[in-house]
*Asks:* 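Submitted below is the structure of interest, expressed as structure tokens.
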Amino acid sequence: MGFDPDIAQTRFGYGLSPKVTGPADITDMVALLRAKEPEMPWFPLPSDAEMREKMLALLDARRKISKAEKGSDAQQALQEAFKTARRAAKQEGAKWIGATLARRVWSRDGLRERLVAFWNDHFSAPGKNVIYRYTEAAYVANAIRPHVNGRFEDMLIAAVLHPQMLHFLDQNTSVGPNSTIAKKRSEKNLGLNENLAREILELHTLGVGGGYTQKDVRQLAELLTGVTTIQKKGTAFLAKRAEPGAETVLGKEYGKRRARMADVHAVLRDLARHPDTARHITRKLAVHFVSETPDEDLLVSMGARYLETDGDLAEVMEAMLRHPAAWAAVGPGVGNFKQPELFVSSSLRALAVPKERFRDVKSQELERLLGTPLRTMGQPWRRPFGPDGFEEADSYWLTPQGMAARLQWALGVPAEVLEDLPDPRQFAETTLGPQMPGAVKFAAEAAESRREGIALVLMSPAFQRV
């Protein structure tokens with residue numbers, strides 16, 4: 001089976017839309033992905049510098065509170081100012097989430113948006129405190145999004161060395177046991193921390209079962225010890241924190257007498273080009289987009305292209321798209337059950353929710369329409385339960401509680417985000433395409449209200465699977 005315009009949008013994008021045309025063929029899909037991302041003034045994304053400035057302002061306000069006289073009028077005034085700043089930051093976060101959803105609904109390049117979400121999950125780094133929760137959007141916008149059509153090694157470097165990841169995996173507490181700083185002081189919270197090194201090997205590159213040992217983890221951790229963050233500048237390499245001497249990772253030596261950031265970049269590029277990384281990354285992509293049990297020939301084709309191009313992700317995706325197995329109709333062993341975030345996003349796209357609705361959304365309203373429902377469905381917005389991201393298996397999402405939450409969302413939210421709901425019969429046709437099952441058509445026609453008809457279409461197996 002070859003290219004199918006409906007599968008192109010549902011399996012490799014955020015679904016069909018009554019207002020946005022999909023790609024014409026595989027060549028069009030690849031061209032859209034390879035092209036420079038078009039400017040979208042309606043859906044802006046934050047810069048690292050912009051978010052760092054806001055974070056520093058919050059940190060400064062919190063420090064002033066701690067220094068003020070306890071219980072004094074001055075301290076109370078500072079606390080009120082901090083609360084106001086936090087509310088503003090929360091609203092800013094809602095704006096970025098709205099921009100993300102708007103791109104999913106209105107972009108013609110649905111594949112790019114799906115890849116941003118996929119790689120964000122692969123490099124999961126949710127903020128662990130109130131400050132870093134506000135910088136998550138900048139992390140995705142600047143470490144993930146620019147690299148989804150480039151080489152994996154560039155995304156790897158940008159993601160794992162981003163302040164968001166360094167804070168999430170406690171890299172700022174890691175110093176070399178024989179470093180200058182370790183010899184000069186003995187702070188209890190400083191020492192060699194292997195978190196970042198372990199996740200780079202186990203999750204980000206070689207994968208569980210990859211050809212590395214605990215010795216490789218420790219040697220990589222020692223090589224990374226100079227990497228830290230400086231609040232006003234972002235990521236930095238401080239030689240006084242670094243373990244002196246060379247380190248050996250997977251049999252190759254990095255660094256000499258003096259550690260450098262260049263050595264960290266070198267080991268990350270080598271890990272990105274490793275055959276185990278090619279197998280891990282291509283299988284994960286195939287599982288996410290095509291099937292829990294992907295076709296072996298598809299995996300071979302994608303893995304070979306990865307190695308031939310030194311991890312060019314656009315080439316890898318083209319290899320997937322040009323393989324017949326990627327276009328097989330939903331059936332046994334083919335087609336995944338939508339994760340909650342994909343279900344909600346594709347529903348909003350099918351409804352063609354107006355741009356203004358995303359731009360003007362308030363944080364409390366977004367929590368009610370998106371945050372609380374996604375948590376009930378089992379997938380809090382970009383907050384997986386560990387560094388390994390969310391589960392891919394259908395069985396994890398096909399639960400009574402999860403399906404009940406989807407139904408509640410489908411019955412309530414569409415009427416809140418649209419002034420007028422579409423006719424269920426027309427909605428079923430534009431949402432499911434020519435292959436709409438007869439049972440769904442009958443249900444849409446027999447629905448007692450537009451609200452119920454829309455919910456029936458969104459809850460149908462034809463919409464829930466891609």
*Asks:* Under the 3.5 angstrom rule, does the side chain of D263 hit a backbone N or O of L223 as a donor-acceptor pair?
*Replies:*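 Answer holds: no.
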*Asks:* Looking only at non-hydrogen atoms, find the nearest pair between F358 and G98 and report the distance.
*Replies:* CB-O, 3.5 Å
*Asks:* Using the side chain to side chain donor-acceptor pair (under 3.5 Å) rule, collect all pairs that involve residues 297-306, keeping only residues at least two apart or in two chains.
*Replies:*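 The answer is D297-H323, R305-E308, R305-E315.
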*Asks:* Looking only at the aromatic ring of each residue, does the gap between the centers of Y134 and W96 stay below 6.0 angstrom?
*Replies:* no
*Asks:* Are the side chains of T277 and L156 in touch, meaning some heavy atoms are under 4.5 Å apart?
*Replies:*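 Counting from C-beta outward, T277 and L156 never come under 4.5 Å.
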*Asks:* Taking NZ, NE, NH1 and NH2 as the nitrogens, is one of them in K95 or E92 under 4.0 Å from a carboxylate oxygen of the other?
*Replies:* yes
*Asks:* For salt bridge (charged side-chain N to carboxylate O under 4.0 Å, His left out), just list the numbers for D154 and R269, CA-CA rounded to whole Å, side-chain angles, deciding distance to a tenth of an Å, and then say yes or no.
*Replies:* CA-CA 8 Å; D154 295 324; R269 292 191 187 281; 3.1 Å; yes
*Asks:* Determine the interplanar angle of the F118 and F289 rings, folded into 0 to 90°, and report it as parallel if under 30°, tilted if 30 to 60°, perpendicular if over 60°.
*Replies:* tilted
*Asks:* What donor-acceptor contacts under 3.5 angstrom involve side-chain atoms of residues 209-217, with partners at least two apart or in another chain?
*Replies:*
from, atom 1, to, atom 2, distance (Å)
T213, OG1, K215, N, 3.3
T213, OG1, D216, N, 3.4
T213, OG1, D216, OD2, 3.3
Q214, OE1, R198, NH1, 3.3
Q214, OE1, R198, NH2, 3.2
Q214, NE2, E194, OE1, 3.1
Q214, NE2, E194, OE2, 3.4
D216, OD1, L250, N, 2.9
D216, OD2, T213, N, 2.9

*Asks:* For the backbone of E292 and the side chain of E392, can you confirm whether one donor and one acceptor N or O come within less than 3.5 Å of each other?
*Replies:*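 A pair under 3.5 Å: no.
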*Asks:* Where the side chain of W327 meets the backbone of L321, is there a donor-acceptor pair that is under 3.5 Å apart?
*Replies:* yes
*Asks:* Got a salt bridge between E136 and R383, using NZ or NE/NH1/NH2 to carboxylate O under 4.0 Å?
*Replies:* yes
*Asks:* Strictly under 6.0 Å, is that where the ring centroids of F343 and W409 end up?
*Replies:*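 So the answer is yes for these two rings.
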*Asks:* Does atom NZ of K19 have more than 12 heavy-atom neighbours, drawn from other residues, nucleotides or ligands, at distances under 6.0 Å?
*Replies:* no
*Asks:* Under a 3.5 Å distance rule, please check whether H280 uses its side chain to pair with a backbone N or O of L203 as donor and acceptor.
*Replies:* yes
*Asks:* With distance as the sole test, does R11 use its side chain to make a donor-acceptor pair with the main-chain N or O of A326 at under 3.5 Å?
*Replies:* yes
*Asks:* Please name the residue in the list L351, L369, L348 that meets the side chain to side chain contact (heavy atoms under 4.5 Å, CB included) test with R357.
*Replies:* L369
*Asks:* How far apart are the C-alpha atoms of R283 and E296, what are their side-chain angles, what is the distance that settles it, and do they pass the salt bridge (charged side-chain N to carboxylate O under 4.0 Å, His left out) test?
*Replies:* CA-CA 9 Å; R283 171 172 282 279; E296 285 299 322; 3.4 Å; yes
*Asks:* With a 4.5 Å cut-off on side-chain heavy atoms, are M51 and Q164 touching?
*Replies:*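 Contact flag for Q164/M51 side chains = no.
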*Asks:* Are any non-hydrogen side-chain atoms of T225 and L192 less than 4.5 angstrom apart?
*Replies:*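 The answer is yes; the side chains approach within 4.5 Å.
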*Asks:* Donor-acceptor pair, distance only, cut-off 3.5 Å: does the side chain of T235 make one with the backbone of L161?
*Replies:*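 Present.
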*Asks:* Quick check: are there more than 12 heavy atoms from other residues, nucleotides or ligands sitting under 6.0 Å from CD of E50?
*Replies:* yes
*Asks:* To the nearest 0.5 Å, what is the distance between CD (Q231) and CE (M55)?
*Replies:* 6.0 Å
*Asks:* Can we say D121 and K284 salt-bridge, meaning some charged N sits less than 4.0 Å from an Asp/Glu carboxylate O?
*Replies:* no
*Asks:* Looking at OG1 of T27 and CG of L32, how far apart are the two atoms once the value is rounded to the nearest 0.5 Å?
*Replies:* 11.0 Å
*Asks:* Verify the distance criterion only: is there a donor paired with an acceptor across the side chains of R349 and S346 at less than 3.5 Å?
*Replies:* no
*Asks:* Side chains of F82 and K64, heavy atoms from C-beta outward: is any pair under 4.5 Å?
*Replies:*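 No, too far: nothing below the 4.5 Å cut-off.
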*Asks:* Would you please say whether a donor-acceptor pair under 3.5 Å links the side chains of N178 and E243?
*Replies:* yes
*Asks:* Does some side-chain heavy atom of H122 sit less than 4.5 Å from a side-chain heavy atom of I281?
*Replies:*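 Heavy-atom side-chain distance check passes, below 4.5 Å.
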*Asks:* Tell me if a side-chain donor or acceptor on R241 pairs with a main-chain N or O of N172 at a distance below 3.5 Å.
*Replies:* yes
*Asks:* I'd like to know whether N142 forms a side-chain hydrogen bond (donor to acceptor under 3.5 Å, both in side chains) with H162, so could you lay out the CA-CA distance, the side-chain angles of the two residues, the decisive distance to 0.1 Å, and finally the verdict.
*Replies:* CA-CA 9 Å; N142 299 286; H162 192 279; 5.7 Å; no
*Asks:* Is it the case that atom CD in Q435 sees more than 12 heavy atoms from other parts of the structure closer than 6.0 Å?
*Replies:*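 No, not enclosed.
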*Asks:* Would you say CD of Q364 has more than 12 non-hydrogen atoms from neighbouring residues, nucleotides or ligands within 6.0 angstrom?
*Replies:*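 For Q364, atom CD is not crowded (no more than 12 foreign heavy atoms under 6.0 Å).
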*Asks:* For the residue pair N193 / D170, report whether a side-chain donor-acceptor contact shorter than 3.5 Å exists.
*Replies:*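 Checked: D170/N193 side chains show no N/O donor-acceptor pair below 3.5 Å.
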*Asks:* Using only atom types and a distance under 3.5 Å, with no angle test, would you say the side chain of E247 pairs donor to acceptor with the backbone of E253?
*Replies:*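 It does not hold such a pair.
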*Asks:* Are R145 and R103 packed together at the side-chain level, in the sense that at least one heavy-atom pair is separated by less than 4.5 angstrom?
*Replies:* yes
